[in-house]
Each structure stands twice: as C-alpha cells, then as structure tokens.
Amino acid sequence: MAGGALLCTIAGKQYKIDSNTDLGALAKKIEVPPKVAAANRDVRLTKAADISGIRKEYWIQAEPVTWNPVPKRRDQMMGTSIKKTVGRTKVQAYAYRLYDKDFSKPLGPATIPGPLLDVTVGDTLVVNFRNTLPIPVTMHPHGAFYSNEMDGAYKGYWTDPGGFVQKGRTFQYVWECPEGTQGSWHYHDHGPLDATSVFKGLFGPLIIRDPDEPLPDREYFLAFHSFSPTFFPLKSMLSSINGRAYTGNTPTLRATVGDDVAMHVYGMDNDFHTFHIHGHRWKEPDGTIVDNKTFGPADSFRVRWIEDNPGRWLYHCHVFTHLASGMSGWYIVD
Ligand SMILES: [Cu+2]
C-alpha cells in the first residue's frame, strides 16, 4: 500500500482514495439508507432499552485528533532519528474519546486506540455514541451478543440507524455479554468508509471478563495497526502498537517477578502480524507452549504467564518489515 491508493465503490461508481482525498466530500456521495432517513425524521426519543443484568454504560464520541505516532521522534533502542528517515510524523487522524455521563465533559484526551470497554459476563454494555466526524461512522463490537439493529454495521439499503451515524448524531448501542461471550475482544468503525476510518484510528479494546477467573496483577491491551501513506501524508509506513511506533514511543510494559501477567492483543489493519515476547512463553488453550503467535485482521487473544524472568526485554511483531517500521516495544521486569 505504500504511497498507493485505495479504490472504493459508492453507488456503483469507483473512487480512488489517497492521502489527499477529502473524505467529508466523498461521504456526501453516499446515499442515506432508507431506515436511517426514517429514523432521522423521527423526533421521538429512542425508547429505553430493556436491560437485564448489570448496566455498564459508556459515552463515547468519534472525533478528529492530531496524532503523532512517534512523539519522541527517535527509536530509543537503535538511537536513530525517525524524523531524519521518515520526516514529519504528525498526522490528522480519527479517534474514539471517552466522555462522562451525558457527554458532560471528556474524561481524557482522544486516543488511538479508543477507551477500554471493560465488562464482565452477565453485564449489559450500553454505549452512547456521538459522531463529530465529517463521515458517517459507527461502533461495532466483536465477541459480545447483539441483535441485528445493534450490529453497528453499514449494509447498504438494509442499513439500520446504528450502522450509519452521521455527523452531529448520536446512537445508543446495547450489547449483551452472557455466558459464552467472555474473552479479549475489540470494537471498531464499520460504517460505509470503514476501510479508511479504521486505518485513521477508529478502533479500541473490549474485554468481557470471566467472573470465575482471578484478575491478573498486570494486564496490557495491545493493538497492532499501521499508519499508511495511503491515508496519511507520510513518506513510509509506520507500524504501530497502540498508535505509536518504535521503542520508547510504543507502550513500555512493566511487571515484577511473581506477577500474574496478562496481555490482550488484537490486529487492526490489512496485515498478518505475530506477537513475540523475548524471554517468555505461554500455554495455548490446547496445551501447546508458544512464544510467537500469528494473528490476522481483527483477530484477538490473550496470553498469560507468571512472571519469572527479570530484565529489559523486547516484545514485537516478527514480520521483519513491520519490526523495522516500528512494531516493537520494551517489557521491563523488576
Ligand atoms: Cu506485523
């Protein structure tokens, strides 16, 4: 994809998308699906959803963000200047941002990835979603149980209102988390331009905890994603973990010997990645011992171990081009 363009079809016509494309202008060419138009005309408030179990409620807004995948401008391990090799890395991106009840105030900055949705089996996850971006976007969860209207996905003519949330509009998603949904998951935009907006930053972690399982002492949520020159005016790709590229910019993870450590990992671009961590290994559900695990787009998993090896370690993707373009970080064990 480096420097290339993406082709997208809107109403039978193909459009080339590159880093110069005005997505807001492009979005105007997308016909508003009939059920969405009908809901827009409906002035009644959405009826309160029937909630069983504990209601876990979030207010999340999709908004523009100025984002620098390499804020320190250097690869700390190699001692090299990324500014010299890649040039300017600050980009205009998209993000999900956590707000307080009724969107009264933001609870933190807009970040890539978005906020952690943290629920337990038996909970009902309610996400009040507001879009301020110039294109229709959504929130679509993996792992949770949801009815068809709560899918948060664009389906052309058959799109429900939650699958096409236009600028300035809100939608309340209700997702159930019954027994059988436990796991390390994620959410992302699944609107009509998802092949661009996900790359621009619209994704985040979701965990549905098993109440019978003890909480780890340390846990980290790690998104493997990339900033591509197709969507940003970058000289070359930046392969990122949690929106940052190169050691010292990517999350520096910490633990102490004896800790029960969990890492929740997911992929959110067009590539296959591997999760590799030096000096450590874990047991897969089938009993195999692994220290390098392959995962594809939207795959997610958890690895867990009792920490037994102090030192400054690396964790990284073992696809060498990804490693060389930033997909690496420190794991420091005291
Ligand atoms: Cu990779």
Side-chain angles (χ1 to χ4, degrees), residues 1-4 6 19 67-72 74-78 80 82 85-86 89 91 93 111-114 142 184-189 194-206 219-232 234-253 261-282 284 288 290-304 313-331:
M1 294 206 312
L6 176 96
S19 61
W67 189 259
N68 192 345
V70 199
K72 305 220 170 108
R74 295 183 76 74
D75 178 347
Q76 194 181 44
M77 178 180 71
M78 303 298 279
T80 48
I82 301 307
T85 52
V86 182
T89 55
V91 294
T111 54
I112 300 172
H142 279 225
S184 302
W185 308 106
H186 53 80
Y187 59 89
H188 60 88
D189 171 40
D194 53 359
T196 58
S197 53
V198 169
F199 277 84
K200 279 180 165 286
L202 290 185
F203 57 86
L206 160 64
E219 67 179 347
Y220 296 101
F221 295 84
L222 303 170
F224 284 56
H225 155 262
S226 50
F227 292 83
S228 157
T230 304
F231 305 110
F232 299 106
L234 292 165
K235 267 206 283 190
S236 61
M237 184 171 79
L238 294 169
S239 297
S240 70
I241 300 167
N242 286 1
R244 310 285 191 196
Y246 296 101
T247 48
N249 300 276
T250 50
T252 294
L253 316 177
V261 179
M263 301 208 181
H264 312 269
V265 180
Y266 58 105
M268 202 50 78
D269 59 12
N270 283 335
D271 292 314
F272 281 77
H273 300 289
T274 82
F275 179 70
H276 176 54
I277 186 155
H278 289 210
H280 296 77
R281 66 217 67 72
W282 60 88
E284 290 288 295
T288 326
V290 171
D291 81 346
N292 187 55
K293 187 180 167 75
T294 308
F295 58 106
D299 276 344
S300 56
F301 59 92
R302 181 197 71 185
V303 299
R304 192 163 178 168
W313 303 105
L314 285 169
Y315 69 98
H316 61 89
C317 173
H318 229 301
V319 176
F320 290 98
T321 48
H322 299 172
L323 173 57
S325 55
M327 213 164 238
S328 178
W330 298 117
Y331 175 46

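In listed order, ligands and their atoms are each counted from 1.
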Distance col, row S240:OG vs N249:CG, nearest 0.5 angstrom, shows 11.0 Å
Taking the ring of Y331 and the ring of H280, is the distance between their centroids below 6.0 Å? yes
Donor-acceptor side-chain pairing of H264 and H186 below 3.5 angstrom: no
Plane angle bin for Y266 and F203 - parallel if under 30°, tilted between 30 and 60°, otherwise perpendicular: perpendicular
Tell me whether the centres of the aromatic rings in H316 and H322 are closer together than 6.0 Å. no
Atom of S328, atom of L314 and distance for their closest heavy-atom approach: OG-CD2, 3.8 Å
Which residues and atoms, counting only protein N, O or S, are under 2.8 Å from the Cu ion (ligand 1)? H273 ND1, C317 SG, H322 ND1
